[in-house]
Q: 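Structure below; questions to follow.
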Amino acid sequence: MNLTLKVWRQNGPADSGRMMTYQVKDVSPDMSFLEMLDVLNERLILEGDDPIAFDHDCREGICGMCGMVINGVAHGEQRATTTCQLHMRHFEDGATITIEPWRAAPFPVVKDLVVDRGSFDRIIQAGGFISVPAGSAPDAHSLPVKKDDADDAFDAATCIGCGACVAACPNGSASLFTAAKITHLGLLPQGQPERDARAVAMVEQMDLEGFGGCTNTGECTAVCPKGISLDVIGQMNRDYLKAAR
Amino acid sequence: MAVTGAVLVLFLIAHMVGNLKIFLGAESFNSYAEWLRTVGEPAVPARTVLTLTEIVLAGAVALHMWSAVSLARRASKARPVKYVARRKSQASGYVVRTMRYGGVIIVLFVIWHLLDLTFGTVNPKGFGATPYDRVVAGFDPSRWWVTAFYLVALVMVGLHLRHGLWSAFQTLGLTSGGRRRTLNLFAAVFSTLLVLGFVAVPIAVMIGAVK
Amino acid sequence: MNYTIGEPIRDAKAPEGPIEERWDKRRFSAKLVNPANKRKLNVIVVGTGLAGGSAAATLGELGYKVKSFCYQDSPRRAHSIAAQGGINAAKNYRGDGDSIHRLFYDTVKGGDFRARESNVYRLAQVSVNIIDQAVAQGVPFAREYGGLLDTRSFGGAQVSRTFYARGQTGQQLLLGAYQALERQIAAGTVEMHTRHEMLDLVISDGRARGVIVRDLVTGEIETHLADAVVLATGGYGNVFFLSTNAKGCNTTAIWRAHQRGAYFGNPCYTQIHPTCIPVSGEYQSKLTLMSESLRNDGRVWVPLRKGDDRVPSDIPEDERDYYLERIYPAFGNLVPRDIASRAAKNVCDEGRGVGPGGLGVYLDFADAIGRLGREAVEQKYGNLFEMYERITGEDPYTRPMRIYPAVHYTMGGLWVDYDLQSTIPGLFVIGEANFSDHGANRLGASALMQGLADGYFVLPTTLGDYLANGPFGEVDQESVDEALGQVTGKIGRLLSVDGTRTADSYHRELGKLMWEYCGMERTEESLRKAMERIPELREEFWSNVKVSGDEEGLNQALERAGRVADFFDLAELMCLDALHRTESCGGHFRAESQTEDGEALRDDENFAYVAAWEYSPDGAPVLHKEELEYEYVKMTQRSYK
Ligand SMILES: Cc1cc2nc3c(=O)[nH]c(=O)nc-3n(C[C@H](O)[C@H](O)[C@H](O)COP(=O)(O)OP(=O)(O)OC[C@H]3O[C@@H](n4cnc5c(N)ncnc54)[C@H](O)[C@@H]3O)c2cc1C
Ligand code: HEM
Ligand code: HEM
Ligand code: SF4
Ligand code: F3S
Ligand code: FES
C-alpha cells in the first residue's frame with residue numbers, strides 16, 4: 001500500500017516546528033506502524049536527511065516509551081493499543097496519516113515526535129512508593145491481602161507511564177496516570193501508612209508540573225493502552241479529599 | 001466546581017417542584033411565589049430568606065463561572081500548542097464537549113429568564129402581573145420563539161447536568177467500583193426527569209392545558 | 001583459531017566450608033563503611049533494570065552518593081519491564097517439598113553444570129528475601145482467595161515456586177525497584193541521568209573510576225567520576241538483530257569495559273526461546289515472545305510433506321507430523337526450551353516449515369478447544385491469543401498459531417568473581433550483563449531472581465567491602481583525556497564515512513549471519529564461515545556506512561551506528577568461543593557433539609570450565625579458564641526422552 005504522511009518536524013526544543021509531507025510506497029499491511037516509519041527513516045538517512053526522531057524501545061507494548069498522536073488520536077484509533085503494536089493493516093491504501101507528538105506543556109518536545117516526560121517521574125518522586133529499605137521487609141505472608149484488592153491494585157499498577165492520557169485529555173490533565181499509582185498503592189495494606197501523605201503530595205506535584213485539571217471527560221481512559229479505569233480518578237479524589245481534610 | 005454545581009442543582013430541584021405547582025392552578029402557584037417572599041415572617045423581615053437564597057445563588061453562579069474559566073485557562077496553559085489534526089473524541093464525546101459553551105448559553109438564558117419572569121421587563125404582562133399570569137402570557141403560542149428558546153436552554157441544562165452530575169460525583173470521590181455505574185445511570189435519569197419537569201410547564205401553556 | 005591460552009583463574013572470594021554457610025561468612029568478613037564516610041563515597045550505576053535499579057536504590061538508602069544512568073527517557077523503561085512469566089523463590093509456601101537446596105540443585109542442573117555452585121547456592125538463599133522485599137514495596141503478585149501468594153510451576157522444576165503477577169511479573173517488579181529508586185532521587189542520594197549512553201570506562205591507577213557518557217539530547221560528551229562503577233546494562237541478544245530484546249539493548253557498555261581489560265565470560269551461551277511469533281517480512285524489527293505456558297495445551301506440528309502450502313485446516317490428520325510427540329513421547333510438547341527450539345529448526349530446515357519463508361511451525365489449539373471448550377481456552381490464554389492476532393492478523397481460535405524460536409537471553413557476559421567484581425578492580429557487573437549464575441542455560445523465571453538478588457542484596461554488601469578502602473583520591477587526568485579521545489574519535493569516524501548503506505542494514509546482515517552460523521545449532525564449518533565473514537562485513541561497515549546528521553543534539557542514527565559497531569566485535573568473540581568449545585552444553589549446541597538421539601552431549605572432562613576471554617588489541621584474545629568443581633550436585637547427563 002502507498003501512504004501520505006504528514007509528520008511534525010521540530011529540530012529541537014527551541015525550534016518552532018512544522019508539518020512536513022512524505023510519501024511512502026509499498027508498505028506491507030503486516031508491518032507495524034513503527035516499522036513503516038523505520039522504512040521511511042532508512043530512506044531519509046540515505047538521502048542525507050535527518051530521520052524522523054521518535055521514541056520506542058520494547059516494541060511490544062510494555063515499556064511505555066513509544067507514543068504519537070495519529071490522525072488526532074493518541075496511539076491511533078485501535079483501542080487498548082500502543083503505537084508500537086499498531087499494524088498497517090488497519091489503514092487504507094492511499095490514506096493520508098497525520099502524526100504529531102504528545103502535546104502538553106509539561107511534556108516539552110525534544111525533537112520531532114520525541115517529548116520529555118520527566119514530569120511523570122517527578123510525580124512518582126513526590127510519593128509514588130512505599131518506603132521500605134532493602135532487607136527490612138517482614139515475611140511476605142505476614143500480611144495477607146484480599147484477592148479482590150490485590151487484583152484491583154494490579155489493574156491500576158499496569159500503567160506503563162506512556163503519557164497518552166495526557167495527550168488525549170482536552171485539559172492536558174495527568175489525572176489518570178497519577179491516580180493509577182495512588183490507587184495501586186492505596187489498595188494494599190502495605191501502602192496504608194503513607195496513604196494520605198502520598199495522595200496529597202502526588203496531586204500537588206501534578207498541579208505544580210503544569211498539568212491541567214480533570215473535568216472527567218474520560219478521553220484518557222479511552223486511549224489508555226492498558227485500559228486504566230476512571231475509577232482510579234474517583235479513588236484519587238476520595239483519598240485526596242480525605243487527606244486534605 | 002462540584003460544590004457550586006451542587007448548590008445550583010439543589011436550586012433547580014426546588015425550582016422545578018415549585019414550577020410544577022402551576023398544574024395545581026393559579027392560586028397555588030401564586031401563593032407559592034408569595035410564600036417564597038414571606039417565609040420566615042415575622043421572625044425576619046419579608047424577602048429575607050429569598051434574598052439570602054438569591055445571594056447564595058448569585059455567589060454560586062459567580063464562583064462556578066470563575067472555576068470554569070480558571071479550569072479552561074489551566075487547560076490552555078497545559079496545552080499551548082494545539083493539535084493539527086482535529087482531535088477525535090474516543091470517549092462519551094458530545095455531552096462533554098457542550099459543558100463550556102452550554103454553560104454560557106445557560107447563563108444567557110437565565111438573564112433573559114430573569115428579565116422575563118422575575119422583573120417582567122420583556123414579559124407582555126410586565127412586572128405588575130402575578131407570576132401565574134406572566135408565565136401563561138410568556139409562553140403564549142404567539143410567542144413560540146420564546147418557548148423554543150426555553151426548550152433549547154432546557155436541553156442544554158439537561159446535557160450540562162447529565163455530565164455535570166456524574167462529574168461532581170467523581171470529583172467528590174463518591175464513585176467507587178460498582179457504584180460508578182449506578183451513579184452514572186442516576187445522573188442520566190435525574191437530568192432527564194429534571195428537564196421533563198421543567199419542559200412540562202411551557203408545553204402545557206403552549207397547548208393550552210394551563211391558561 | 002586465533003587465540004592464546006593464559007593463566008587459569010580462580011575465584012578466591014567464595015569462602016571455604018559448608019555451602020550453606022558461605023554467604024554468611026562472606027557477609028561477616030566484609031568490611032563495613034562508617035556512615036559518615038559513605039557520604040564521601042561516589043558510586044556510578046549504569047543501567048536501571050531490575051539489577052541496576054535495585055542496586056542504585058539500595059546504595060542510596062545506605063548513604064552512598066550514587067549517580068545512575070540509562071539510555072531511555074525514564075528508568076522505568078529498562079527491558080526488565082518485558083519479562084512475563086515469573087520469578088522463582090524457594091519459599092516453600094506450598095509445602096510441596098521445595099527448599100533452598102532444591103532450587104539450588106535445579107538451577108545447577110538446568111544450567112547444564114556450567115555454573116558455580118557457591119553463587120547458585122547464594123542465589124537460592126537470597127531468593128526468599130526478594131519476595132519479601134517486593135511484597136513490602138507493593139508489588140501486586142497474584143494471590144489466592146485466602147489472601148496468600150499464589151505460585152505456578154515453570155519449566156525444569158517439579159515444585160510450584162514461581163511467583164507471578166499475571167503476565168507482567170517483570171513490569172511489576174521493575175516498577176517496585178523504580179519506585180524505590182525515585183524515592184532516593186527525591187531524597188537526594190541518587191542523581192539520575194536519563195537519556196545518557198555510556199560509551200567508555202575511565203580507569204585510573206588500575207581501578208575503574210568513572211564513565212564517559214553521551215547526553216543523547218544535547219549530544220554533549222560528559223565525564224563522570226566515582227570511587228566505583230557498577231554495570232547493569234542487560235543482555236546482548238540484539239547481536240542477532242532480531243530478538244525478543246528491546247530495540248535499544250546493546251553491548252556497548254560491557255564491550256568497552258572488556259576492551260579496557262574486563263574479561264568476558266562464556267560469550268557464546270545464548271538462550272533461544274521456542275515460542276515466539278515468527279518473522280513476517282524483511283522489514284521486521286523485533287520478535288515478540290509468547291508465553292511458554294501455551295505449550296501446556298497447544299500441539300506442535302508441521303505438514304508431513306515438504307512445501308505443503310495448503311491452509312492448515314485442509315491438511316488431514318494423517319498428513320501432519322506432531323514431531324515433538326513423536327520424538328519425545330514422555331515429555332511431548334513440553335520438552336525444555338532448547339530441545340523444542342532445535343526440533344523446530346530441524347523440521348524447517350527439511351523444508352516443512354509453514355508461513356512466510358517457511359520459518360514457522362504450527363501450535364494448534366483445536367484439540368484443547370474441543371476438549372475444554374472455547375471459553376476455557378479463552379480464560380486461560382485470552383490475552384496471548386489477542387496479542388497474537390494483533391501482530392499477525394490471524395485468529396488463533398480458528399487457525400493454528402505459527403511459532404518459531406527466537407533469541408531471548410544471553411547467559412554470557414562480563415566475568416565476575418563471587419563478589420560480582422570484574423577483573424578490573426572497582427568495576428562491578430550485575431544482572432544479565434555479567435556472565436551470571438545460570439551456567440550454559442537459564443531456567444525460566446530465574447533471571448528476574450538473579451537481577452534482584454544482585455541489586456538488593458549481594459552487591460550492596462560486597463561493594464561496601466571494596467569501598468571500605470576508599471575514597472581513592474584524584475583521578476589521573478590523562479586517562480580521562482585518553483577515554484574522551486577514544487569516544488569522540490569514534491563518533492567522528494562514524495559521521496565522516498558518508499557511505500551508501502545504513503547502520504541498520506549492516507546490523508540486519510550481521511544478525512542473519514549470526515543466526516545462521518552461530519545460532520541454535522553450531523558446527524565447526526558454520527563458525528569458521530562466520531569468522532571469515534564478520535571481519536569483512538565490519539570492514540565494509542567502517543568504509544561504507546551512512547550516518548546522517550551530526551554529533552550535536554538528538555541523533556538516533558548515530559546512536560544505532562555506534563551500537564552496531566560494537567556488535568561486530570562481540571560477534572567475532574562469540575563465534576570464537578563457540579568454536580573453541582567443541583562440546584554441546586545448555587544453550588550451546590555443537591552438531592558434532594550429540595548423543596545418538598540428537599541430544600546435547602557435554603564433555604565434562606575437557607570443558608567443565610568458564611571461558612573468560614581477555615581482550616587483546618592485536619586480535620588474538622587470551623583464554624583464561626576457571627575450572628568448575630561440583631561438590632554438592634553430581635554431574636549427570638540430561639534426558640527428556
Ligand atoms: C521478552 C522477555 C521475557 C522475559 N521473561 C522472563 C521471565 O519470565 N522470568 C525471568 O526470570 N526472566 C525473564 N526474562 C529475562 C529477564 O527479563 C532479563 O534477563 C532481566 O530483566 C535483565 O535485567 P537487567 O537489569 O540485567 O537488564 P535490563 O533490564 O535490560 O536493563 C538494562 C539497563 O541498562 C541500560 N543501558 C544499557 N546499555 C546502556 C548504555 N550503553 N549506557 C547507559 N545505559 C545503558 C538501559 O537503559 C537499562 O536501564 C525475559 C526477557 C525477555 C526479553
Ligand atoms: C457560564 C455558565 C456555566 C459554565 C461556563 C459552566 C461550566 C461548567 C463546566 C466546564 C463544568 C465541568 C466541571 C467539572 O466537570 O468538574 C461544569 C460543571 C457543572 N455545572 Fe456548570 N457551567 C455553567 C453554569 C451552570 C449552571 C447555571 C448550573 C446549574 C444550574 C451548572 C451546574 C453544573 C454542575 C452541577 C456541574 C458539575 C460540577 C462538577 O463536576 O464538579 N452550571 N459547569
Ligand atoms: C420552563 C421552565 C421555567 C419556568 C416556567 C420558570 C419560571 C420561573 C418563574 C415564574 C420565576 C419567577 C418566580 C418569582 O418571581 O417568584 C422564575 C425565577 C427564576 N428562575 Fe425560572 N423557570 C424555568 C426554568 C428555569 C431554569 C432552567 C433556570 C436556571 C437554569 C431558572 C432560573 C431561575 C432563576 C435564577 C430565577 C430567579 C429566582 C429568584 O428570584 O430567586 N429557571 N422562574
Ligand atoms: S494511565 Fe494509561 S495512558 Fe496514562 S500513562 Fe498510564 S498507561 Fe499510559
Ligand atoms: S481525559 Fe482529562 S478530563 Fe479527566 S477524565 Fe481524563 S483526565
Ligand atoms: S515501544 Fe515499548 S510500549 Fe511501544
Q: Indicate yes or no: at least one non-hydrogen side-chain atom of A:P133 is less than 4.5 angstrom from one of C:R183.
A: yes

Q: Just by distance, do the side chain of C:Q137 and the backbone of A:S131 share a donor-acceptor pair under 3.5 Å?
A: no

Q: In terms of heavy-atom proximity below 4.5 Å to chain A, should C:F457 be classed as side chain, backbone, both, or neither?
A: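 C:F457 touches chain A through side-chain heavy atoms alone.
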
Q: State whether a side-chain donor-acceptor pair under 3.5 Å links C:S548 with A:D50.
A: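 No pair is found: no donor N or O on one side chain lies under 3.5 Å from an acceptor on the other.
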
Q: Apply the test side-chain contact (heavy atoms from CB on, under 4.5 Å) to residues C:Y93 and A:D139: give CA-CA distance (whole Å), side-chain angles for both, the deciding distance (0.1 Å), then the verdict.
A: CA-CA 11 Å; C:Y93 279 158; A:D139 184 85; 2.8 Å; yes

Q: Do C:Q556 and A:K111 come within less than 4.5 Å of each other through their side chains, counting heavy atoms only?
A: no

Q: What part of C:S80 gets closer than 4.5 Å to chain A, counting heavy atoms only: side chain, backbone, both or neither?
A: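 Looking at C:S80, nothing touches chain A.
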
Q: Check whether C:D73 gets within reach of chain A through its side chain, its backbone, both or neither, counting any heavy atom under 4.5 Å.
A: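 Looking at C:D73, backbone and side chain both touch chain A.
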
Q: Using the test side chain to side chain contact (heavy atoms under 4.5 Å, CB included), find all partners of A:D15 that sit at least two apart in sequence or belong to another chain.
A: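 Only A:Q10, A:N11, A:R18 meet the side chain to side chain contact (heavy atoms under 4.5 Å, CB included) criterion with A:D15.
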
Q: Do A:R122 and C:E182 have side-chain heavy atoms sitting under 4.5 Å apart?
A: no

Q: So do the side chains of C:T288 and A:R59 get within less than 4.5 Å of each other, counting heavy atoms only?
A: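 Not in contact.
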
Q: Okay, side chain of A:Q125, backbone of C:I185: is any donor-acceptor separation there less than 3.5 Å?
A: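 No, A:Q125 side chain to C:I185 backbone: no donor-acceptor pair under 3.5 Å.
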
Q: Using non-hydrogen atoms only, which part of C:R166 is less than 4.5 Å away from chain A: side chain, backbone, both, or neither?
A: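 For C:R166, backbone and side chain are both near chain A.
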
Q: Would C:S74 and A:R117 count as having a side-chain donor-acceptor pair, cut-off 3.5 Å?
A: no

Q: If I measure from the heavy atoms of chain A, does C:S54 come under 4.5 Å with its side chain, its backbone, both, or neither?
A: neither

Q: Are A:H87 and C:T392 close enough, and set up right, to give a side-chain contact (heavy atoms from CB on, under 4.5 Å), and what steps lead you there?
A: CA-CA 9 Å; A:H87 281 71; C:T392 61; over 6 Å; no

Q: When you look at C:K286 and A:H56, which way does the side-chain contact (heavy atoms from CB on, under 4.5 Å) test go after all the steps?
A: CA-CA 12 Å; C:K286 89 146 247 158; A:H56 65 100; over 6 Å; no

Q: With A:V73, which residues qualify under side chain to side chain contact (heavy atoms under 4.5 Å, CB included), at least two apart?
A: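 Listed in chain order: A:E77, A:V223, B:K88, B:Q90.
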
Q: Distance-only criterion, 3.5 Å: show the donor-acceptor pairs between side-chain atoms of residues 139-149 of chain C and protein atoms not counting sequence neighbours.
A:
{"from": "C:R143", "atom 1": "NH1", "to": "C:G147", "atom 2": "O", "distance (Å)": "2.8"}
{"from": "C:E144", "atom 1": "OE2", "to": "C:R94", "atom 2": "NH2", "distance (Å)": "3.2"}

Q: Given a strict heavy-atom distance threshold of 4.5 Å, which part of C:E61 is in contact with chain A: side chain, backbone, both, or neither?
A: side chain

Q: For the interface with chain A, which of C:A557, C:G393, C:G549, C:G553 has the highest count of heavy-atom pairs at distances below 4.5 Å?
A: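 Top option by heavy-atom pairs under 4.5 Å: C:G393.
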
Q: Do the side chains of C:R195 and A:D55 get close enough for a salt bridge, i.e. N-O under 4.0 angstrom?
A: yes

Q: Answer with side chain, backbone, both or neither: which region of C:E386 has an atom nearer than 4.5 Å to a non-hydrogen atom of chain A?
A: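 Neither the backbone nor the side chain of C:E386 comes within 4.5 Å of chain A.
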
Q: Less than 4.5 Å apart, side chain to side chain, heavy atoms only: is that true for C:Q133 and A:V132?
A: yes

Q: Please examine the side chains of A:Q78 and C:R390, heavy atoms only from C-beta on, and report whether any two atoms are closer than 4.5 Å.
A: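 Yes; the side chains approach each other to less than 4.5 Å.
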
Q: Between C:Q172 and chain A, with a heavy-atom cut-off of 4.5 Å, which part of the residue counts as in contact: side chain, backbone, both or neither?
A: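 When you check distances to chain A, only side chain atoms of C:Q172 fall under 4.5 Å.
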
Q: Are side-chain heavy atoms of A:F120 and C:R76 found at a separation under 4.5 Å?
A: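 Heavy-atom side-chain distance check fails, nothing below 4.5 Å.
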
Q: Which residues, numbered in order, of residues 32-41 of chain A come under 4.5 angstrom of chain C by heavy-atom distance?
A: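 When heavy atoms of chain C are the reference, residues 32-41 of chain A contributes A:E35, A:D38, A:V39 within the under-4.5 Å range.
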
Q: Please examine the side chains of C:H79 and A:C63, heavy atoms only from C-beta on, and report whether any two atoms are closer than 4.5 Å.
A: no

Q: Would you say the side chains of C:T502 and A:E42 form a donor-acceptor pair under 3.5 Å?
A: yes

